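Worksheet: one structure, shown below.
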Amino acid sequence: MKIIKWVCSIVLLVTITSILSCKETSKRSASIEDQNFNKGWLFKKDTIVGAEAINFKDTEWRKLDLPHDWAIEGPFSNVNNARTGGLPIDGEVWYRKHFNLDRSYSNKQVSIEFDGAMANAKVWLNGEYVGERPYGYIGFELDLTPYAKFGEENVIAVKLVTKHLSARWYPGAGIYRNVRLKINDAIHIPQYGTYITTPNVSKERAEVSIETKIKNRSSSHSEAILNTIIKNDKGMVVSETKTNVSIEKESEAVANVSLNVENPKLWDIINPVLYEATSTVIVEGTIVDRYITSFGIRTIEFDREKGFLLNGNAVKLNGVCMHHDQGPLGSAINFRAKQRQMQIMQSMGVNALRTSHNPPSPEILKACDELGIVVIVEAFDEWKIGKVENGYNKHFDEWHEIDLRDMIKRDRNHPSVIMWSIGNEILEQSQKDGWKITKRLNDICHDEDNTRPTTVGFNYFPAPFENKLAEYVDVVGMNYWPENYKEILDNNPEMIVYGSETSSMTSSRGVYHLPIEYTEKHETNHVTSYDAIVGPPWAYLPDAEFDALAKEPRSLGEFIWTGFDYLGEPTPYGGRDNSTNGYWNDDWPSRSSYFGPVDLCGFPKDRYYLYQSQWTTKPMVHVLPHWNWEGKEGEKIPVFAYTNAEEVELFVNGKSYGKKVKGKDITEIPAEYHEFEKGMYKSKYRLSWQVPYQPGALKVVAFKGGKEVATKEIKTAGAPAKVTLIADRTEIDADGNDLSFITVRIEDKDGNICPLADNLVNFDIQGAGVLAAVGNGDQTSLASFQATNRKAFNGLCMFIVKSTETAGEIKITASSKELASETITVSTN
Ligand code: GAL
C-alpha cells in the first residue's frame with residue numbers, strides 16, 4: 001500500500017509503572033507491585049567463568065546502583081577508538097544482585113524488565129539460564145517464575161559483552177537504563193498490555209478505543225471484569241466503561257473497549273495536554289491488576305502539499321537528530337538530563353526529534369510527551385549489511401522482528417511519536433532487492449501500529465528510488481539532499497519527503513581563529529565558531545537547508561545533525577572509513593563530536609542562535625565573536641549578527657557601523673562541497689560587518705517596523721578575577737536521582753565573562769548531594785568527567801550535582817587559584 005495522504009488519530013498512553021520506576025516503587029494494587037530494582041547490585045569487569053552460579057563468591061565485587069554506565073568512568077585513551085568516544089567500552093562485565101522474594105508471593109508471577117542493557121545481555125536466576133537480548137537499545141522482560149525461590153534469597157546474574165568495533169558512536173556500556181521487578185497475579189495485564197487509538201476526534205468528542213491484553217497463567221479458565229476509566233489533566237474522571245472478559249487457561253485474551261471523551265483538550269506542541277487511563281482487572285470481586293497510563297489526544301496527517309499536520313494545523317518540522325548519551329553523564333539514563341536536553345532544544349526553536357539511530361529510552365519519550373516535541377522513533381542503523389565489524393547486522397536475521405515489534409508495542413502509545421523509522425543510511429539502498437527488507441519491516445510496523453507512517457533516512461541518490469526502497473515506506477527521509485526535494489516530489493506523484501538528516505556542520509564553542517579557516521582542520525583540533533564551511537564532505541551550511549525548504553515548501557522540514565554534541569565521531573578530526581571499519585585516532589585527542597549547535601554540556605554555540613533566528617518568533621539578536629582581541633587593535637574583525645527581526649545596527653563603543661537589513665544585506669561565505677552552495681554562498685540569514693578592533697563594548701540592536709525589539713552587548717573582559725556559579729535549578733527532589741546543572745563562569749572584576757579563560761576550577765560539595773559529573777564542552781579534553789575539578793573552556797565549565805535521598809541543603813563551592821571563589825546552595829525536598 002502506498003499512502004499519499006496519511007491520516008490517523010490516536011490517543012496514547014504510557015504505563016505509569018515505567019514512568020514511576022525511575023523514582024519510586026509503583027503500586028498496582030495492594031498485592032501487586034512493580035518494584036524499582038535499581039538498587040544494591042554488585043559489579044565486576046572481567047572475563048569470568050561461572051559467575052552465574054548461585055554461590056559464586058562476589059563479596060569483593062563493587063557495590064553500586066543502576067542505571068550504570070561503566071565506560072564513562074574512563075579513562076580516555078587513544079588505545080580506545082576515538083570514533084566511540086575514546087572510552088574503554090569493550091569487554092565483558094557482570095552484574096549480580098541478591099534479593100528476597102516474600103513467601104506470600106509464592107503463587108505469583110515474577111518477571112524482570114530491563115529498559116535496555118548494553119550489550120549482548122545474558123541473564124541467570126539462581127544459576128539457571130533465563131534468557132538473553134543482544135540489542136543494547138531495546139527493552140525486554142524475562143519470566144523468572146520457574147526459578148524463583150520464595151521466602152529465601154535469590155541471586156540474579158547478568159553478563160554483558162560490549163564487542164570491539166560494534167558502534168559508530170559512543171554506545172555506553174552496562175545496565176544503563178532502569179530495571180524493574182514485576183510481581184503479578186496469575187491473571188494480569190502483561191508488558192505493553194494496552195494500545196489506544198482514536199478513530200474519531202472532533203472538537204466536541206474523541207472516540208477512544210483501548211485494546212487491553214489480559215493474561216491468564218493459571219491452569220483454569222477465568223472470567224474477569226475489565227474496568228477502564230479516563231481522567232483529564234485535572235484528575236477528574238471523564239469517561240468510564242466495564243466489560244466482561246473470558247480468558248482460557250494458560251492463554252491471553254484481548255478486550256476492546258470504546259469510550260468517549262467530550263470536549264477533548266488536544267495534545268499539541270504549544271499545549272501538550274495529557275490524560276490518564278486506568279485499567280482495572282477484577283476476578284471474583286477482587287482486584288488482581290491495575291494498570292495506570294497517561295495519554296494525549298491528537299490527530300496527525302502527512303500531506304503531500306501541506307506537509308505535516310498536527311490536529312489539522314500545518315507544523316514545519318524544526319527537528320534535531322540526537323544520539324542517546326547525556327554528555328559528561330554518559331549513557332546512564334537520567335530523566336532530568338533528558339528533559340534538560342530537550343528544553344534547551346526547545347529554546348532553540350526545536351519541535352521535533354529523531355532518535356538516531358536506535359530505540360530511545362522511555363524517559364526521552366516522557367520528556368517529549370510533556371514538552372510537546374514530536375518524535376521519529378528509529379529502530380536500526382544497519383540491516384543485513386554491516387557498517388562496523390560487530391554491528392547489529394550480526395543479529396539482524398534472528399532478532400529484527402522481535403526488536404522492531406517490541407519497540408513499537410512499547411512506544412506506540414506516546415502522543416509525541418509520529419513516525420517509525422526502520423533504518424538510517426542502510427547499505428541495502430544500493431541493492432536491487434533492497435526493497436524486500438524495506439517492505440518486510442514496513443509491514444511489521446503497520447501490523448503493530450496502523451496509525452503512523454514509516455520512514456527511512458536514505459543517503460544515496462537515486463539508488464533507493466531505482467531499487468524501489470523508497471516506494472515501500474510511507475514517508476521518504478533524505479539525508480543531505482536538500483537540492484533534490486523538488487525532483488523527488490515531481491518525479492514521484494505519491495511521495496512525501498523531508499530532510500531526515502541535514503547540514504552536519506561542525507564547531508567548537510567560543511573558538512574564533514583569524515583569519516577564519518575554510519579548510520577542515522586546525523592545529524588546535526578545534527573548529528571555528530564563525531560557522532564557516534567546516535565539516536565532512538557531505539555537510540552544508542544550515543542556510544542552504546533554509547533556502548531549500550523555502551524553495552520546496554512541500555518538504556515536511558528538517559532534522560539537523562545533531563542537536564547536541566555527542567560522545568564519539570569527532571569529525572572532522574579522525575577519518576571516516578566505512579570500508580576498513582578503521583580506527584579514528586589519527587587526530588587524537590579529539591574524542592567527541594563537533595556537530596551540535598550546543599556543546600556536550602548544553603552550552604549554546606553561535607549556531608544555536610542561527611537556528612533560533614530562523615525557528616523562533618520572540619525577538620532575539622545574537623552577535624559574534626567575543627570582543628577580546630588584544631594585539632589586534634585597529635585590525636578589521638569580522639562581526640556576524642543573527643536575528644529574527646528585520647534590521648540590526650552595530651555599535652562599537654557607541655559608534656554606529658550602520659544598519660543591515662535581513663534578507664537584503666547578504667553575507668558571502670566560501671563554500672566548497674555542494675553544487676547548490678558552491679563558490680561564494682550568499683546567505684540571507686546572517687548579517688555581517690568588518691569592524692576595526694578597539695577594546696570596549698560591541699553592541700547590536702535589532703529593529704522591527706523601525707522599533708527596537710532586542711539588543712545584545714559584549715564587553716572586552718579584563719583579567720580573570722572570580723568564579724561565579726549559576727544553577728539551572730536551586731530546588732530539586734531528594735530522590736537520589738534529580739540533578740542541578742551548575743554553570744561555572746570565569747569573570748573579570750566587573751562580571752564580564754572572560755572568553756578565553758581556561759582556569760582550573762576546584763569543587764567542594766557538602767550536604768545532601770553528590771558529584772554527578774563535570775565537563776566543559778571541549779571536544780579534545782581528556783580530563784575525567786568524574787573529577788572534582790575542571791578547567792574552563794573559553795570561560796565556562798559545568799558541575800552537575802545529584803541529590804541524595806535525604807532532604808536538605810547541598811553547598812557547592814568553586815574555587816580557582818588567585819580568583820575569588822563562590823558558594824551556591826541547592827536545596828532538596
Ligand atoms: C550521517 C550518519 C550519521 C552521522 C553523520 C555525520 O551520514 O547517518 O550517523 O555519522 O553522517 O555527518
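Just so you know, these numbers come straight off a predicted model, no measurement behind them. We count ligands from 1, going down the list as the structure has it; atoms in each ligand are counted the same way. Below, all heavy atoms of this structure are taken into account, side chains as well, without hydrogens, waters or symmetry copies.
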If the plane angle is over 60° it's perpendicular, under 30° parallel, otherwise tilted; pick one for Phe380 and Tyr392.
parallel
If we number the atoms of ligand 1 from 1 as shown, the ones under 4.0 Å from a heavy atom of His357 are 3 (C), 8 (O), 9 (O)
Backbone or side-chain N or O of Glu425 under 3.5 Å from ligand 1 N or O
yes
Tell me, please: is Asn424 in heavy-atom contact with ligand 1, that is, under 4.0 Å?
yes
Atoms in ligand 1 with a heavy atom of Tyr480 nearer than 4.0 Å:
1 (C), 5 (C), 7 (O), 11 (O), 12 (O)
For Phe595, counting its heavy atoms only, list the atoms of ligand 1 lying under 4.0 Å from any of them.
6 (C), 12 (O)
Proximal ligand 1 atoms for Glu569, defined as those under 4.0 Å from one of its heavy atoms
4 (C), 10 (O)
Is the Tyr594 ring parallel, tilted or perpendicular to the Tyr573 ring (thresholds 30°, 60°)?
tilted
Do the rings of Phe785 and Phe76 sit parallel, tilted or perpendicular, given the 30° and 60° boundaries?
perpendicular
Side-chain donor-acceptor pair present, Asp325, Ser331, cut-off under 3.5 Å
no
Under 4.0 Å from ligand 1, counting heavy atoms only, is it the side chain of Trp169, its backbone, both or neither?
neither
Taking 4.0 angstrom as the limit and counting only heavy atoms of Ser504, give me the atoms of ligand 1 inside it, by number and element.
6 (C), 12 (O)
Would you say His323 has any N or O atom under 3.5 Å from an N or O of ligand 1, going by distance alone?
no
For Tyr135 and Asp406, test the side chains for any donor-to-acceptor distance below 3.5 angstrom and give the result as yes or no.
no
Give me the ring orientation class for Trp615 and Tyr611: parallel if the planes are under 30° apart, tilted from 30 to 60°, perpendicular past 60°.
tilted
Measure up the His324 and Tyr176 rings against each other and bin them: parallel (under 30°), tilted (30 to 60°), perpendicular (over 60°).
perpendicular
